[in-house]
Visitor: 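Quick one: the structure is below, questions incoming.
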Amino acid sequence: MVKHNKLTTMRFNDVQNKNLKANKMIETSTQNLLTLHAYGETTNEQKEFLAGELIKDPALQEDLMEQIRVKRALNNGLKSPSATSIRIIMEHSYKTEHLQEI
């Protein structure tokens, strides 16, 4: 009887560990999907899946909003080169286009 209980406990723990790993994979996958969605790079199928998950999980909704806030903050801090810098680079490129790579 004791051996049976140990075996059952081991199997139960194994199943729990597998479920935990599966849940972590789903969680990681969903987090990756949130990032893709924040950047507008999800397929229609992914959008549908994510919409269903967002309805069920308010914490996931907050995660998405946080990612969107971070994305906006990063985009606001982006710097573009000046027109003069671009002109200088393009002129150099034009002057050296005949050179071959070694």
Side-chain angles (χ1 to χ4, degrees):
M1 181 82 168
V2 173
K3 186 175 183 180
H4 175 71
N5 286 341
K6 283 184 180 179
L7 197 56
T8 304
T9 302
M10 287 173 49
R11 286 184 185 154
F12 177 75
N13 289 338
D14 189 40
V15 168
Q16 276 189 318
N17 288 338
K18 285 181 182 176
N19 287 340
L20 219 100
K21 288 178 184 177
N23 286 340
K24 286 185 180 192
M25 285 176 47
I26 290 169
E27 184 178 312
T28 300
S29 174
T30 305
Q31 290 295 327
N32 290 341
L33 224 74
L34 287 178
T35 303
L36 288 172
H37 189 66
Y39 282 88
E41 297 180 6
T42 46
T43 65
N44 288 335
E45 185 178 278
Q46 290 169 327
K47 286 178 190 175
E48 288 176 20
F49 170 78
L50 197 53
E53 294 300 306
L54 288 167
I55 289 170
K56 294 187 284 187
D57 190 353
L60 198 59
Q61 294 172 17
E62 185 54 40
D63 287 349
L64 176 60
M65 295 312 297
E66 180 64 21
Q67 286 200 18
I68 290 171
R69 283 190 290 271
V70 168
K71 177 187 162 227
R72 286 180 181 158
L74 290 172
N75 285 342
N76 288 337
L78 285 178
K79 304 269 185 220
S80 295
S82 68
T84 304
S85 295
I86 293 173
R87 183 181 51 75
I88 291 169
I89 292 167
M90 294 304 290
E91 284 175 1
H92 177 74
S93 177
Y94 178 73
K95 289 176 186 176
T96 59
E97 72 181 346
H98 64 281
L99 299 176
Q100 293 181 354
E101 289 185 31
I102 298 175

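When a residue number appears, it is its place in the shown sequence, counting from 1.
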Visitor: Find the distance between NZ (Lys47) and CG (Asn44) and round it off to the nearest 0.5 Å.
Guide: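 Atom-to-atom, Lys47:NZ and Asn44:CG are 5.5 Å apart.
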Visitor: Hey, what do you get for CG (Leu60) to CG (Leu34), rounding to the nearest 0.5 Å?
Guide: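 One gets 4.5 Å once the value is rounded to the nearest 0.5 Å.
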Visitor: Residues in side-chain hydrogen bond (donor to acceptor under 3.5 Å, both in side chains) with Ser82, at least two apart?
Guide: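 So Ser82 forms a side-chain hydrogen bond (donor to acceptor under 3.5 Å, both in side chains) with Ser85.
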Visitor: Checking Glu45 now: which residues fulfil salt bridge (Lys or Arg N to Asp or Glu O under 4.0 Å) with it, not counting sequence neighbours?
Guide: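 Once residues adjacent in sequence are excluded, Glu45 has no partner under the salt bridge (Lys or Arg N to Asp or Glu O under 4.0 Å) criterion.
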Visitor: Report the distance from atom OG1 of Thr30 to atom CG of Leu64, rounding to the nearest 0.5 Å.
Guide: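 With rounding to 0.5 Å, OG1 (Thr30) is 12.0 Å from CG (Leu64).
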Visitor: Can you list the residues that meet the side-chain hydrogen bond (donor to acceptor under 3.5 Å, both in side chains) rule with Gln61, with sequence neighbours excluded?
Guide: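 For Gln61 there are no side-chain hydrogen bond (donor to acceptor under 3.5 Å, both in side chains) partners, ignoring immediate neighbours.
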Visitor: Not counting sequence neighbours, which residues clear salt bridge (Lys or Arg N to Asp or Glu O under 4.0 Å) with Glu48? List them please.
Guide: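 Partners of Glu48 under the salt bridge (Lys or Arg N to Asp or Glu O under 4.0 Å) test: none.
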Visitor: Which other residues end up in the same hydrophobic cluster as Met90, if Ile, Leu, Val, Met, Phe, Trp and Tyr are linked when side-chain heavy atoms come under 4.5 Å apart?
Guide: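 Once heavy-atom contacts under 4.5 Å are chained together, Met90 belongs with Ile86.
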Visitor: Taking only residues two or more places apart in sequence, or in another chain, which ones meet Lys56 in a side-chain hydrogen bond (donor to acceptor under 3.5 Å, both in side chains)?
Guide: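 By the side-chain hydrogen bond (donor to acceptor under 3.5 Å, both in side chains) rule, Lys56 matches Glu53.
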Visitor: So, using salt bridge (Lys or Arg N to Asp or Glu O under 4.0 Å) as the criterion, who are the partners of Glu91 when residues are at least two apart?
Guide: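 By the salt bridge (Lys or Arg N to Asp or Glu O under 4.0 Å) rule, Glu91 matches Arg87.
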Visitor: Using every non-hydrogen atom in the two residues, find where Thr96 and His92 come nearest and quote the distance to one decimal.
Guide: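 What the structure gives for the nearest pair is OG1-O, 2.8 Å.
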Visitor: Among residues two or more places apart or on two chains, list those pairs meeting salt bridge (Lys or Arg N to Asp or Glu O under 4.0 Å) that have a residue in residues 66-80.
Guide: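 Those involving residues 66-80 are Glu62-Arg69, Glu66-Arg69.
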Visitor: Donor-acceptor pairs under 3.5 Å, side chain of residues 35-42 to any protein atom, not counting sequence neighbours: which ones?
Guide:
| from | atom 1 | to | atom 2 | distance (Å) |
| --- | --- | --- | --- | --- |
| Thr35 | OG1 | Gln31 | O | 3.3 |
| Thr35 | OG1 | Gln67 | OE1 | 2.9 |
| Thr35 | OG1 | Gln67 | NE2 | 3.3 |
| His37 | ND1 | Thr42 | OG1 | 3.2 |

Visitor: Tell me every residue that passes side-chain hydrogen bond (donor to acceptor under 3.5 Å, both in side chains) with Ser93, counting only those two or more places apart in sequence or in another chain.
Guide: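 Checked Ser93 against side-chain hydrogen bond (donor to acceptor under 3.5 Å, both in side chains); zero matches.
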